[in-house]
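Comments concern the structure below.
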Amino acid sequence: PGLCFLSSPVVEEFVGAQYRYPARADFNQSGGPLRYRLVEGPAWLRVEEGSGLVWGIPEEVGEVEVEIEAHDEAGETAQQRYTLYVLPVL
């Protein structure tokens, strides 16, 4: 099937709380190590290149569009796009 994401994103978090989503992709044809990067997202969001961990602390309530990419040295890529809902603390 080729490189694809196996994980489902965490799509809700409270403002000011630690957001964590351990993204995971697999089945690349080369079988080599994968690297991850943030294609689209807010300034507070980070992706750890080697592990795929997406993390950060949301600064304001609202909807945030996020896109991450996994790629290998052979140039195979996969993207995952989702909306993160940042909720107010009640």
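Hydrogens, waters and symmetry mates are skipped; everything else that's a heavy atom, side chains included, is used.
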Give a yes or no on this: more than 12 heavy atoms of other residues, nucleotides or ligands lie within 6.0 Å of atom CH2 of Trp55.
no

If we ignore angles and hydrogens, is there a donor and acceptor under 3.5 Å between the side chains of [X] and [Y]?
| X | Y | result |
| --- | --- | --- |
| Gln80 | Tyr21 | yes |
| Thr83 | Glu65 | yes |
| Glu67 | Gln79 | no |

Just wondering, do [Y] and [X] contact through their side chains at under 4.5 Å, heavy atoms?
| X | Y | answer |
| --- | --- | --- |
| Arg81 | Glu40 | yes |
| Phe14 | Pro88 | no |
| Gln18 | Ile57 | yes |
| Leu38 | Val66 | yes |
| Glu49 | Tyr36 | no |

With clusters defined by side-chain heavy atoms of hydrophobic residues (ILVMFWY) lying less than 4.5 Å apart, directly or transitively, does Val54 cluster with Val10?
yes

Leu53 with Val11, same ILVMFWY side-chain cluster at under 4.5 Å:
no

Donor-acceptor check, side chain of Tyr85 to backbone of Val61, threshold 3.5 angstrom: yes or no?
no

Taken to the nearest 0.5 Å, the spacing of Glu69 CD from Arg37 CZ works out to 4.5 Å

Give the C-alpha distance, both sets of side-chain angles, the deciding distance and a yes or no for side chain to side chain contact (heavy atoms under 4.5 Å, CB included) between Val15 and Leu87.
CA-CA 6 Å; Val15 68; Leu87 308 172; over 6 Å; no

